[in-house]
Amino acid sequence: MATFSQWVQGGRPRTLPVAVSPVAVGTGAAYALGQTIWGYALLALVVSLCLQVGVNYANDYSDGIRGTDTVRVGPVRLVGQDLANPSDVRLAALLAFFLAGLCGFALVALSQAWLMLPVGAACVLAAWYYTGGRHPYGYLGLGEVFVFVFFGLVATLGTLYTQALTLSWAGVLGAVGVGALASAVLVANNLRDIPSDRGAGKMTLAVRLGESHTKLLYLGLVALSVLVCVGAALLGHPFALVALLAYPLLWPAVQTLRSGAAGADLVPVLARTGITQLAWSLLLAVGIALH
């Protein structure tokens with residue numbers, strides 16, 4: 001039986017900034033339009049967090065029963081390490097998805113943003129089939145696309161739309177930046193797992209690109225988030241440049257990548273990227289809101 005601490009670790013709390021960031025930026029964009037509704041923002045945050053926890057448990061379950069997680073570095077794998085019954089982990093994932101759907105429906109009903117109802121359903125399906133089902137797209141190198149679209153564009157613009165019932169260019173730019181940094185978190189994760197993923201036949205984008213090109217992809221995604229700050233400033237949100245203050249947090253991660261570290265030595269890169277994304281998103285949200 002897994003302990004409570006192991007269940008918490010299995011939920012991979014280090015990935016939770018990926019869920020908080022889009023809600024922060026989307027709410028900042030809504031504030032700039034004078035349309036902030038804090039109750040809706042809180043509901044959006046619960047939805048995003050539940051989806052993130054749900055996809056983490058779903059990945060643990062699906063990778064575990066496939067044998068992909070038998071030899072791993074990094075966080076606890078409940079199924080792969082035989083710490084919990086696979087059906088219990090699957091149930092945890094489904095419960096998280098159910099709570100996300102329940103809160104999501106409440107958010108849509110209250111805001112009358114009915115357009116978001118099928119979008120929310122697509123989010124849950126995409127979360128499950130990332131590593132679940134007969135043909136998981138995460139095994140085809142499409143994981144970063146999923147993260148960019150759903151934890152970047154959809155989550156950020158969905159938060160904005162449910163509050164303002166409209167979109168803005170600042171919101172769109174912010175969504176691109178959030179998606180870029182969220183994808184960088186996954187790239188860091190998959191860079192660490194290249195040896196074990198290759199051995200298990202999990203052809204992530206990192207496995208397909210190789211170590212050196214994956215590092216370039218990581219830096220490219222970070223550079224894209226820098227361009228977002230500049231673009232937002234040029235669109236009349238000069239205080240968006242305050243988000244640049246988050247990048248010194250990422251410097252140790254860049255140094256680690258340059259050192260040629262591999263495997264478990266890349267775990268701090270994942271943590272640093274998540275922290276940087278959260279700081280960047282909070283600062284950008286404030287910068288956009290100060291318009």
Closest non-hydrogen atom pair between Leu45 and Ala19, with its separation: CD1-O, 4.5 Å

Within one Ile-Leu-Val-Met-Phe-Trp-Tyr cluster: Leu217 and Ile194, side-chain cutoff 4.5 Å: yes

Check whether any side-chain heavy atom of Leu221 sits under 4.5 Å from a side-chain heavy atom of Phe148, and report yes or no. no

Will you find, in the side chains of Gln9 and Ser5, an N or O donor that is under 3.5 Å from an N or O acceptor? yes

Partner residues of Thr27 under the side-chain hydrogen bond (donor to acceptor under 3.5 Å, both in side chains) criterion, sequence neighbours left out: Gln163

Side-chain contact test, heavy atoms from C-beta onward, threshold under 4.5 Å: evaluate it for Leu167 versus Tyr161 and give yes or no. yes

For Tyr139, is the NZ or CZ atom of Arg66 found under 6.0 angstrom from the centre of its six-membered ring and inside 45 degrees of the ring axis? yes

Is a side-chain N or O of Asn56 found less than 3.5 angstrom from the main chain of Gln52, in a donor-acceptor match? yes

When you measure from the side chain of Asn190 to the backbone of Ala206, do you find a donor-acceptor pair of N or O atoms at a distance under 3.5 Å? no

Between atom CD of Glu144 and atom CG of Asn189, what is the distance when rounded to the nearest 0.5 Å? 9.5 Å

May I ask you to say whether Asp63 pairs ionically with Lys202, meaning some side-chain N is under 4.0 Å from a carboxylate O? yes

If hydrophobic clusters are built from ILVMFWY residues whose side chains come within less than 4.5 Å, do Val178 and Val226 share one? yes

Nearest heavy-atom pair of Ala84 and Val89: which atoms, and what distance? CB-CG2, 3.9 Å

Beyond-backbone contact of Val124 with Leu51, side-chain heavy atoms, under 4.5 angstrom: yes

Could you measure the distance from the OH atom of Tyr247 to the CG atom of Leu283? Nearest 0.5 Å is fine. 10.0 Å

Is it true that a side-chain atom of Asp60 and a backbone atom of Val79 form a donor plus acceptor pair closer than 3.5 Å? yes

Arg90 versus Ser87: any side-chain heavy-atom pair under 4.5 Å? yes

Is it the case that over 12 heavy atoms from other parts of the model lie below 6.0 angstrom from the OH atom of Tyr31? no

Does the side chain of Leu270 come within less than 4.5 Å of Leu191's, by heavy atoms? no

Rounded to the nearest 0.5 angstrom, the CH2-OG1 distance for Trp251 and Thr256 is 10.5 Å

Same cluster (ILVMFWY, side-chain, under 4.5 Å), Val20 and Val46: no

Begin from the C-alpha positions of Phe97 and Leu99 and carry the test side-chain contact (heavy atoms from CB on, under 4.5 Å) through to its verdict. CA-CA 5 Å; Phe97 290 146; Leu99 184 56; over 6 Å; no

Are any side-chain N or O atoms of Arg272 and backbone N or O atoms of Leu249, one a donor and one an acceptor, separated by less than 3.5 Å? yes

Please check if the side chain of Ser21 supplies one atom and the backbone of Val18 the other of a donor-acceptor pair under 3.5 Å. no

Out of curiosity, Leu33 CG to Leu160 CG, how far, rounded to the nearest 0.5 Å? 6.0 Å

I'd like to know if Asp193 pairs up with Arg77 as an ion pair, taking the criterion as any Lys NZ or Arg NE/NH1/NH2 lying under 4.0 Å from an Asp or Glu carboxylate oxygen. yes

Identify the two heavy atoms, one from Tyr218 and one from Ala253, that lie closest to each other, and give their separation to 0.1 Å. OH-CB, 4.1 Å

Ignoring hydrogens and angles, tell me if any N or O in the side chain of Thr159 forms a donor-acceptor pair with the backbone of Gly26 under 3.5 Å. no

When you compare the side chain of Ile275 with that of Pro17, does any pair of heavy atoms fall below 4.5 Å? no

Rounded to the nearest 0.5 Å, how far does CG of Leu241 lie from CG of Leu284? 9.5 Å

Trp7 backbone acceptor or donor facing Tyr57 side chain under 3.5 Å: yes

Restricting to non-hydrogen atoms, name the atom on His237 and the atom on Ile288 that form the minimum distance, rounded to 0.1 Å. ND1-O, 3.3 Å

For Tyr130, all residues meeting ring-ring contact (aromatic ring centres under 6.0 Å, His included), sequence neighbours excluded: Tyr137, Phe146

Flag side-chain contact, heavy atom, 4.5 Å: Arg208 against Thr204: no

So, for Val269 and Ala188, which heavy atoms are closest and what is the spacing to 0.1 Å? CG1-CB, 3.9 Å

Among the clusters formed by ILVMFWY side chains lying less than 4.5 Å apart, do Val108 and Leu153 turn up in the same one? yes

Do the side chain of Ser225 and the main chain of Val222 share a donor and acceptor less than 3.5 angstrom apart? yes

Look at the side-chain heavy atoms of Ile, Leu, Val, Met, Phe, Trp and Tyr, link any pair under 4.5 Å apart, and say whether Leu224 and Leu205 land in one connected group. yes

Can you tell me if Ser111 uses its side chain to pair, donor with acceptor, with the backbone of Ala113 under 3.5 Å? yes

Can you tell me how far apart CG (Leu234) and SG (Cys229) are? Round to the nearest 0.5 Å. 11.0 Å

With no hydrogens and no angle check, is any side-chain donor or acceptor of Thr273 less than 3.5 Å from a backbone partner on Val185? no

Apply the test side-chain contact (heavy atoms from CB on, under 4.5 Å) to residues Thr162 and Leu43: give CA-CA distance (whole Å), side-chain angles for both, the deciding distance (0.1 Å), then the verdict. CA-CA 10 Å; Thr162 52; Leu43 274 174; over 6 Å; no

Would you name the heavy atoms of Gly158 and Met116 that are closest together and state the gap between them? CA-CE, 3.6 Å

Side-chain heavy atoms of Val76 within contact of Gln81, under 4.5 Å: yes

